[in-house]
Every structure is written in C-alpha cells, then in structure tokens.
Amino acid sequence: MARIGIFAGTFDPVHNGHVAFALAAMNDCHLDSVVFLPEREPRGKHGVTPIGHRVAMLECVVADRPDFSLLQLAEPQFDVRATLPQLQRRFAGDELFLLVGSDVAAHIVRWDGAKELLAAMEVVIGQRAGDPLPQLPVSTIVLPTVQAHVAASDIRSGLSQDIAPDVRKYIDAHHLYGMATP
C-alpha cells in the first residue's frame, strides 16, 4: 500500500511554495508520491491562465521528479462526489492524503460532500504566511513550509521570482503574466 498525496489547486503558476509544501508533506507524512491535480475552473477565481499553460508549467516541475506526477480529471474542479470515487478507483488500496494550502482549507467544510471527503482522506495543510489556522472537524496535519511567503499573485504581478527555472522559461516563452525576466 502506497501513501499518496493529492494536491489539487489552481497552480497559476506553480511556484516554489507549492513544491516546498509537496516535499514537506512527503517527508513529514511519509508519502510515497504527490499527484498534482490542476483545476480547470477553480472555485471563486476568475481570469485564470488557460489550463494548457498551467499544465505545461506543472509538467516542468514534475519532469525530473519520479515521486511527483500530474493528473487531469474531466471535472472543472475538485468535486468530492465525482473526483473522490475516481481517485479511490485509480489508487485502490492506497492511502490518500489531501494536500491543501491554509487558504483552501478554510473553505473545505463548505464543499458539497465535505463530510465524505474528510472521512476518506487525511488533510495535510500547508500553512501560508499570515493565514489563520483553519479549524476542521477532523484531525489534520499542519505543515509550516520554508516557502510559506510565496504567492502566485506576487509572481503574476512581477513582485516575486520564486519559481523553478524551467517554469520561468515557459512563462517568458509564452509571454504569460505580461512580464519577462528582468
């Protein structure tokens, strides 16, 4: 039986904070691998970069790490009633962990099917700088990460360069976020 981290999110763009959290979860929770699950239409977010670009940037991150992988599902976002059964079939017999940032964890209890999700998967929360610790009705694992200050919005606006070199090359080559490397 493997221990699999499922890291669903927007990843617009994937940055060093995402990678640091995935690595911390692997280490602290003794995970065998982390599966990145980009959402085509993330909850409450508008104007996100097209999914093809976000997937390509994730591919840059997972390319050299056999313990990282990428999975795309048909649903526009992580939908407990549709996504959870698919994950349970795909990873039958494995122990699943849901990796989320503290910003997302604060809203999980309002998701349709949250009770089933929280019963089926242990939740690992990456504590983001400045976010209060969310209170969930189940036991959770909270991991402060060395890159907790990194925010995708800062990268998109040019305030941060905390991304992998291959992701930076992709952003520059495709003129994403209206900026180029200084």
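Side chains are part of it too, since the values below use all heavy atoms of this structure and drop only hydrogens, waters and symmetry mates.
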Side-chain heavy atoms of Val100 within contact of Ile108, under 4.5 Å: yes
Results of side-chain hydrogen bond (donor to acceptor under 3.5 Å, both in side chains) for Glu59 - residues two or more places apart only: none
Qualifying residue, where the test is side-chain contact (heavy atoms from CB on, under 4.5 Å) with Pro13 and the options are Leu58, Leu176, Ile171, Val61: Ile171
Stepwise side chain to side chain donor-acceptor pair (under 3.5 Å) check, Arg168 with Gln161: CA-CA 8 Å; Arg168 167 53 59 199; Gln161 297 290 317; 3.0 Å; yes
Interatomic distance, Leu99 atom CG to Phe97 atom CZ [nearest 0.5 angstrom]: 9.0 Å
Which atom pairs, donor and acceptor, lie under 3.5 Å between side-chain atoms of residues 23-34 and protein residues at least two apart or in another chain?
{"from": "Asp32", "atom 1": "OD2", "to": "Arg3", "atom 2": "N", "distance (Å)": "2.6"}

Side-chain heavy atoms of Val35 within contact of Ser69, under 4.5 Å: yes
Nearest heavy atoms of Tyr170 and Cys60, plus distance in Å: CB-SG, 4.4 Å
For Arg90, side-chain hydrogen bond (donor to acceptor under 3.5 Å, both in side chains) partners two or more places apart: none
All side-chain contact (heavy atoms from CB on, under 4.5 Å) counterparts of Arg81, not counting sequence neighbours: Asp79, Asp112, Glu116
Trp111 and Val104, any side-chain heavy atoms less than 4.5 Å apart: yes
Heavy-atom check, side chain of Val123 versus side chain of Leu136, under 4.5 Å: yes
Set of residues satisfying side-chain contact (heavy atoms from CB on, under 4.5 Å) with respect to Arg128, sequence neighbours excluded: Ser102, Asp103, Asp131, Ala151
Contacts of type side-chain contact (heavy atoms from CB on, under 4.5 Å), residue Asp162, not counting sequence neighbours: Asn16, Gln147, His149, Val150, Ser160
Qualifying salt bridge (charged side-chain N to carboxylate O under 4.0 Å, His left out) pairs with a residue from residues 4-13, counting only residues at least two apart or across chains: none
Ring pair (Phe, Tyr, Trp, His ring centres under 6.0 Å) against His18, all qualifying residues, sequence neighbours excluded: Phe7, Phe11, His15
Set of side-chain hydrogen bond (donor to acceptor under 3.5 Å, both in side chains) partners for Gln72, sequence neighbours left out: none
CG on Leu96 to CE on Met121, rounded to 0.5 Å: 5.0 Å
Contacts of Arg89 that satisfy side-chain hydrogen bond (donor to acceptor under 3.5 Å, both in side chains) - sequence neighbours left out: none
Atom pair CZ/CD of Phe91 and Gln86 - distance to nearest 0.5 Å: 11.0 Å
side-chain contact (heavy atoms from CB on, under 4.5 Å) involving Lys45 - partner list, sequence neighbours excluded: Thr10, Pro42, Val48
Rounded distance [0.5 Å steps], CG in Leu37 versus CG in Leu87: 6.5 Å
Sub-4.5 Å side-chain heavy-atom contact between Phe78 and Leu73: no
Qualifying ring-ring contact (aromatic ring centres under 6.0 Å, His included) pairs with a residue from residues 55-74, counting only residues at least two apart or across chains: Phe36-Phe68
